[in-house]
Every structure is written in structure tokens, then in C-alpha cells.
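All values derive from a computational prediction rather than experimental measurement. Proteins come first, then strands; the chains are lettered A, B, ... in the order of their sequence lines, and each starts at number 1.
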2 protein chains.
Amino acid sequence: MRATMIYAPGDIRVENLPDPKIVNSTDAVIRTVAACVCGSDLWDYRGINPVTEPHPIGHEYVGIVEEVGGDVSTVRPGQFVIGSFFASDNTCPICRAGYHTSCPHREFVGGCQAEYVRIPLADGTLVATPEQPAEDLIPSLLTLSDVMGTGWYAAKAAEVGPGSTAVVVGDGAVGLSGVIAAKELGAERIIAMSRHESRQKLALEFGATDIVTERGEEGIARVKELTGGIGADSVLECVGTPESMRQALLSTRPGGNVGFVGVPHGVAIDGEQLFFSHVGLRGGPAPVRGYLPDLIQRVFDGRIDPGKVFDLTLPLDEVAEGYKAMDERRAIKALLRP
Amino acid sequence: MRATMIYAPGDIRVENLPDPKIVNSTDAVIRTVAACVCGSDLWDYRGINPVTEPHPIGHEYVGIVEEVGGDVSTVRPGQFVIGSFFASDNTCPICRAGYHTSCPHREFVGGCQAEYVRIPLADGTLVATPEQPAEDLIPSLLTLSDVMGTGWYAAKAAEVGPGSTAVVVGDGAVGLSGVIAAKELGAERIIAMSRHESRQKLALEFGATDIVTERGEEGIARVKELTGGIGADSVLECVGTPESMRQALLSTRPGGNVGFVGVPHGVAIDGEQLFFSHVGLRGGPAPVRGYLPDLIQRVFDGRIDPGKVFDLTLPLDEVAEGYKAMDERRAIKALLRP
């Protein structure tokens, strides 16, 4: 099969790899209908995470089940399925508590920018759509595999609720998905922090009520100004840098919450400052598996259209251009069709 | 009046100071019926917080209203009242959200180890008991001014709920109050971390189901062992050191919560570790004002008896011995009768 490999920072290639096979009786193999490039793939592409040897890359996927192992009972060949970037058993106490990405049996689903993918723990990981989706739903369904689920988790972790005020730090695909999530969860005011015109436009289309272009002290001051001087109830941190975390923590009102989904790079939180802020903080790799049934329904119902975050579609063979365009911020997110 | 002054680490004296007067029309002056020494007073006593000049000390009090300013309407002379260690207006959005100790009009109520105390923002700060309390209720009512309210907040911030498993890190008066709070909020299993026999006994009396004497890696392993290998739903951090925070964070299951009420001293939290733990974190000076009506009722109903944390009662003139006994861990908490 054709599959994407990263050889080194900036070096993305499509190669022929052996087709994946069923290894465990709980596996499924899917034929990828669509995959994409994630902001977190760029950590490798930019050399911020070390790339010690060439390896397959990509962790977002939708596809058609090709084959299942003998112990798989909830999905069957021919079904259109979506799964999380972490396989999970969906039955242990941690999964039942809604934290599938901390499942003790979790396994990273890698190498998804490819024609076929082996999915471990298929029963716990994959969710079939109610029917074969129309072509125009595929981008939105693909986002449920990571970014839309991650934006949803950011909003849940930040405890967005009816009538609340939310700030979204970060205008990448996750941040934009966070705007959708905040809107769906009932936020009355949604402040998107963005200085890119096309992203501002999408944020407004997704439900943002205010755009803040300032950063640092000025950004914090502007959010305070928009929130009666006290800060927002909920802040979604969708970047992962010390600056964005500071922006998030200082934009939250006492007793409010920060949900942080940008993988932290070099972030340290001062205990005393956090204490006196009264801000609640929860982050982590989003347990998107738990949200799939609900979010699939919202996509099928036409309530949400997160697929709009894809502003570039490429055949798999041109995946390297997808990385380049995202790295240069020419594209928000690149969809790949194998 | 007679009042306690701290001159330097280890140097506590009782002196004659001018009686406090009404300064603002929103003030009240109370005659102190009981006061006490707080674990946080020991930060000064031990020289961990600098004592730059002699000053009055103490921030926990119950008393009888002597006089009120012209704009005070909810309490009147002769009433028995309890208040928080922070005055607050109880009407602003932050107070209404339940975070009185972040009220923009907050004012620290200091110098309470004294015969009389001026209470700012009396309407927002003081709560009168339904009737004059019997003598034996006074210790418990006094704890509502800080430690019991702080234990309550720790349990709320850690999201203790019916059927949950809670760990309490710290066996001081706040930790022991946290055991009471966890029990009242419905925890089914309450693991108290303590290596002092008298405190273990009180923890069990207050509702602890398990005692863990180990600390560090062994303490974490023991909690895991008691919680099916995954950690506790809720952990109450009631100390404030890097070691106790580590103990708390690593004793919590993914998706669980740490409520931290020990004022952090030298605590830094690694963003990446917190991220991958999926643990939620909230701390701060406890908004005890909000809990007063409920907790006063629980004391009057005989449901809770947090006054048992006082194992030393002294006349005000012997306050220095109270500090010494607590510093040497001969006493859990010293009650003072002016």
C-alpha cells in the first residue's frame, strides 16, 4: 500500500509499505477513505519533537472496514467507521469514567496517512456511522477522529455551559473546533483569539461573538475588558506553549476553568499563582472515543460542520505539500484522499 | 484590649492595643468569644514567611457583635456571629459564583487573636447563628471560620461526590476537617494519610475508612493498591509542599480531581505531566463565607463536630504556648479564650 513516512524534520515521503494484517483477534483493518495532517504532526515536521528514525505518520482517519479479527463483534466489513487516535477497550473503569485516552490498554493508532490502517481493540475504538455517509459529510466525520473531539474536550474540561462566556486561545483547527463546541454547549459569548483573517472569518461562522487580535498583556487586558473586568468563565487553551497557557490562565475569572488540549511544550505552572487565581485546570489527550456517537449524530443532523477547517484537499501522494502548507500557515488543515 | 502580636519567628507576645473602632459605615466590631492558632500562622512563626515588623496576628474568630456601622443591616449588636478570614461583599459576580475569597473588595481580617476585632464589610462577611450557641458548640462553630470551611472547599474542589473514593493528604486540622467534608459529601471510601496516632484516631472517628502511613513513592503505591490500581477519584491536598502536591497528583486516577488548600510553598507543576495525567486541579483560599449557613446548620444539628480538632485550650494570655505546642506537633490546634 501507499503510506506516508517522516524521515526527518521537513522530510515527508510516500512509499510502498506492506498492507497491514490482523495481528490480534481484537483488531480490524480498514481501508482509509480520508486522513489528514494534524497540528501535532507539525511538532515532528518542525523538529521540535525529535525524529530519531524514519517512521509512518498520521493518526486521524475514517474508512471502510476491510477485515476484522475473530473477537470483534461491534463492527463488520463494509461499515463506514471513525475511531480515536488512541485505541481503548471502552469497558475499564477509566473508559467508563470518560477518559479513554488514559485506558490502561490504550495503544496509539499511528501510520494513518496511508491506504490501509490496522486498528487495535476495534470494538472499543471504532464507531460505525448509522449509514454510509454522503460524500460531503466525510470531512466533518474525519474531524471527529481528533480535532473536533479535541475541541469538544477542551470545552468540556473548561466546563462551558449554558450562558457562559468562553475564550478560545489558538485559531488552528482545534481552536476553531473549540468554538463549535462552546457554541453547542451553550456559551453565550465566545471570544476567539486570532490574528489571521481567514481563521477569524471561520471562527465567526462557527459561532464566535468576538475576535481578539491582541496577545500577551494586551490580549489579557482585552479579554478582561470584554468580560466585565473579571475574566471568562471558561478558557480553551488550544496551543501548548508557555505564552498560550499564561494567556489562558490570566484570562479566566476566579472560579472559572481552563481546559488545555495543546500538548504542553515547556509549560510550568506556578503553584502559588494557580492557588490564588482560583482557576480550575484540566487537560490531556482528548478522549474523543466517548464523544463519537453524539458527535456523529450532530454531523448527520447537520447541526455542526467542522469539516470546514479543511481548506486544502490533496491526493495522498501529495501529502508533503499538505505539511508544507500547514507549516507555512497557508492552510489551516489538509485533508488527504488515498 | 489584650491582643496577640508576632515580633519575629518564634516570638509571640500578648500586649495592650487600642480597642478597634468602626472606621467605615460597613464595619462591625465584635467581642471575640473564641479564636485560635492556624497552621498558616506557623509559616510566620517558623520564619518561612518573613516577619518584617511586629504586627497583630490571627484570622479565625467567633464573637458577639458589639457595634455596627450605619450601613450594616444583616447583623446587630448582641448576635453571635462567625465570619471568614477574608471580608467580602457577598454580592459581586465573583461572590455569587461562590469565590468570596477572590471578591474584588476582599480585605484580610487580621489580628483576631485578641479581645475585639473590627470586621470590614460586615453584611457580606458575618453570619449570625440562629440562636446563642451552647458552650459546647463554640469550638465547632469556630472551625467554620477557616479550617472546616477549608476542608469543605478542598472536598468540593476535588469534586467529592456520592460513592466516590477520596484521599486526604495532610493530617492537620484542615486535613481532618477534609475527612469530615468528604464523609458529608458522600465519599464511600476515605483514605487518610497520617503517621500520627492521635490524628489517625480522629480521622477514623471523622469517617476515614483507611489509614496510609507511607509517604513518597510508597505512599502513592499504597493508594494505588487500595484503589484497584488506578488511583482515587478525589484527592484533598492540605499541606502545600512540593512533596504533598506530588503525592496528591500521583494518587489521583485519570479524570479525577485534586483540590489543593495548603498554601503552596515552592510548588511548580509540570504542564506536560499534568496534561498526560488527565487530573483536574483547583485550589485557593477557601471561600468559607459561602459555606457558613450550611455548615452552621450542620453543627447545630449535631451532624458534624469539627471542634474535636482542638486538643488544647488556653487563655489568650498563654497564646505563645499554643504556637509552641502546634509547632512541636504536640497539639493539632489550639483554641484561645480571651
**Message:** If we define contacts as heavy-atom pairs under 4.5 Å, which of A:P254, A:P93, A:A157 has the most with chain B?
**Reply:** A:P254
**Main-chain N/O of A:G256 paired with A:D233 side-chain donor or acceptor, under 3.5 Å** = no
**Asked** Do B:T125 side-chain atoms and B:S88 backbone N/O form a donor-acceptor pair below 3.5 Å?
**Response** yes
**Prompt:** Heavy-atom distance under 4.5 Å to chain A: side chain of B:P104, backbone, both or neither?
**Reply:** neither
**Prompt:** Does the side chain of A:H59 reach to within under 4.5 Å of the side chain of A:D146, using non-hydrogen atoms?
**Reply:** yes
**Asked** So, are B:R222 and B:E225 salt-bridged, with charged N and O less than 4.0 Å apart?
**Response** yes
Toward chain B, the part of [X] with a non-hydrogen atom under 4.5 Å:
X      : value
A:I230 : side chain
A:V263 : both
A:A268 : both

**Request:** Look at B:I269, B:V279, B:V267 and state which one has the largest set of heavy-atom pairs under 4.5 Å with chain A.
**Result:** B:I269
**Asked** Is a side-chain donor-acceptor pair under 3.5 Å present for B:E159 with B:S234?
**Response** no
